[in-house]
Amino acid sequence: MSLNLLRKNLKTQTFYITVLLFFALIYYKTIGTINYNLIDNKEKSEKLLLTFYKVSFNPLFLLFIIVPCFLILIDNFFFKFFNQYKVFLRYKNLKTWWKDKLLSQILFSIVFTLLLNILFIINLIIKGAFFHINLNFIVYILSGIVLQFIGFSLLSNIYQILTYIIRNRNFAFIVIFLLTFTPFSLNSFFIKNIYSLPEYMFLTNLKEIKTVISNMVTIIPILLCIHIITVSLSYFIIKNKDLYWRN
């Protein structure tokens, strides 16, 4: 019976992942048909590169494809593995188990972030825009990579905390979606200059490349503080939860 349930679960998750990747492929195919005629003028080339970046990582694509894909992948390939009873028994204490789980999510956040940006660079090469990249745009992309890594790691922390508290992955997934989608909705229809976490991660809030440094100085300390709080809260919760065992 349990084997059949496992197979059913894997098939269901594989289906969702396939659907997400399918829409992602359609998205990249769509932006691949857009013609960007970059010119030698430095200022205009920067604006076109910025447009290319924002089209590639537009808010709806981030909210409906990238974030769900990240959560599904990290939950299936890492969190579920560490939450297995047999895996629990291999650890001598709770803190070591928690540290390994934290390290795995950090590494996955790095890999996921790099993969997204590699795909973007490949897209630039295909469009013939790679040689128009200047120092300002390199700083812009690197800033985005740093913010994306912190943001994805933060999202995984919040997702874990929610699953610890409510013990329901589907509900935790919905809460994460609402937390990211609500600011986007407010910004689109009611209150301006309110951005969701994915929008800050992918620099959607910036209108010019030259403002990226001031943006980093403001945003990174805030995200790091929230990240540290969520990491500490995560350990506090599992230490006081009735898990398989407790240190």
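- Legend: residues meeting side-chain hydrogen bond (donor to acceptor under 3.5 Å, both in side chains) with N215, ordered by chain and number and at least two apart, are N205.
- Residue I165 is grouped with residue I238 when hydrophobic side chains (ILVMFWY) are merged at heavy-atom distances under 4.5 angstrom, including chains of intermediate members.
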**Request:** Show your working on side chain to side chain contact (heavy atoms under 4.5 Å, CB included) between W98 and K239 and close with a plain yes or no.
**Result:** CA-CA 10 Å; W98 174 79; K239 192 174 182 180; over 6 Å; no

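- With sequence neighbours excluded, the residues that form a side-chain contact (heavy atoms from CB on, under 4.5 Å) with D100 are F82, Y91, T96.
- L223 CG to L197 CG: the interatomic distance, rounded to the nearest 0.5 Å, is 6.0 Å.
- Under the 4.5 Å side-chain criterion, counting only non-hydrogen atoms from C-beta, R169 is not in contact with L162.
- To the nearest 0.5 Å, atom CD1 of residue I213 and atom OG of residue S143 are 5.0 Å apart.
- Under a hydrophobic-cluster definition in which Ile, Leu, Val, Met, Phe, Trp and Tyr are linked whenever side-chain heavy atoms come within less than 4.5 Å, directly or via other members, V67 and V111 are assigned to different clusters.
- A search for side-chain hydrogen bond (donor to acceptor under 3.5 Å, both in side chains) contacts involving S196 returns E199, not counting sequence neighbours.
- Residues S109 and T113 approach most closely at O-OG1, 2.8 Å, considering heavy atoms.
- Taking 4.5 Å as the limit, every side-chain heavy atom of F173 sits out of range of all side-chain heavy atoms of T163.
- Placement of L155 and I222 within a single hydrophobic cluster is found when ILVMFWY residues are connected by side-chain heavy-atom separations under 4.5 Å, directly or transitively.
- For residues 144-153, the set of pairs meeting the side-chain hydrogen bond (donor to acceptor under 3.5 Å, both in side chains) definition, not counting sequence neighbours, comprises Y53-Q148, N117-Q148, S153-H227.
- T204 is not listed as a side-chain neighbour of F57, based on a closest heavy-atom distance of 4.5 Å or more.
- Every residue meeting the side-chain contact (heavy atoms from CB on, under 4.5 Å) condition with I220, not counting sequence neighbours, appears here in chain and number order: V146, L147, I150, M216, L224.
- With contacts defined as side-chain heavy-atom distances shorter than 4.5 Å, the pair Y235/L102 does not qualify.
- Residues P183 and Y195 fail the side-chain proximity criterion, which asks for heavy atoms closer than 4.5 Å.
- Scanning all heavy atoms of the two residues, the minimum distance from I74 to S156 falls at CD1-CB, 3.9 Å.
- Rounding to the nearest 0.5 Å places CZ of F120 at 11.0 Å from CZ of F202.
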Enumerate donor-acceptor pairs with a distance under 3.5 Å from any side-chain N or O in residues 174-181 to protein atoms, sequence neighbours excluded.
unit_1, atom_1, unit_2, atom_2, d
T180, OG1, I176, O, 3.1
T180, OG1, F177, O, 2.9

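- If you chain together ILVMFWY residues whose side-chain heavy atoms come under 4.5 Å of each other, L103 ends up grouped with L107.
- Both L62 and L114 sit in one connected hydrophobic cluster of ILVMFWY residues. Membership requires side-chain heavy atoms under 4.5 Å apart, directly or through other members.
- The side-chain contact (heavy atoms from CB on, under 4.5 Å) test applied to L50 returns K54, Y140, I209, not counting sequence neighbours.
- Of the inter-residue distances, the one linking L49 atom CG with F137 atom CZ reads 5.0 Å to the nearest 0.5 angstrom.
- Residues I66 and P198 are not in side-chain contact: their nearest non-hydrogen atoms beyond the backbone lie 4.5 Å or more apart.
- Side-chain contact between I121 and I118: absent, with no pair of heavy atoms (C-beta onward) separated by less than 4.5 Å.
- If you chain together hydrophobic residues whose side chains sit under 4.5 Å apart, I229 and I158 never meet in one group.
- In this view, I138 and I133, L142 satisfy the side-chain contact (heavy atoms from CB on, under 4.5 Å) rule, not counting sequence neighbours.
- Residues Q160 and S234 have side chains that never bring a donor and an acceptor to within less than 3.5 angstrom of each other.
- Applying the ring pair (Phe, Tyr, Trp, His ring centres under 6.0 Å) rule to F70 yields the partners F108, F112, F152; only residues at least two apart in sequence or on another chain are considered.
- Taken to the nearest 0.5 Å, the CD1 atom of I110 stands 13.5 Å off from the CG atom of L115.
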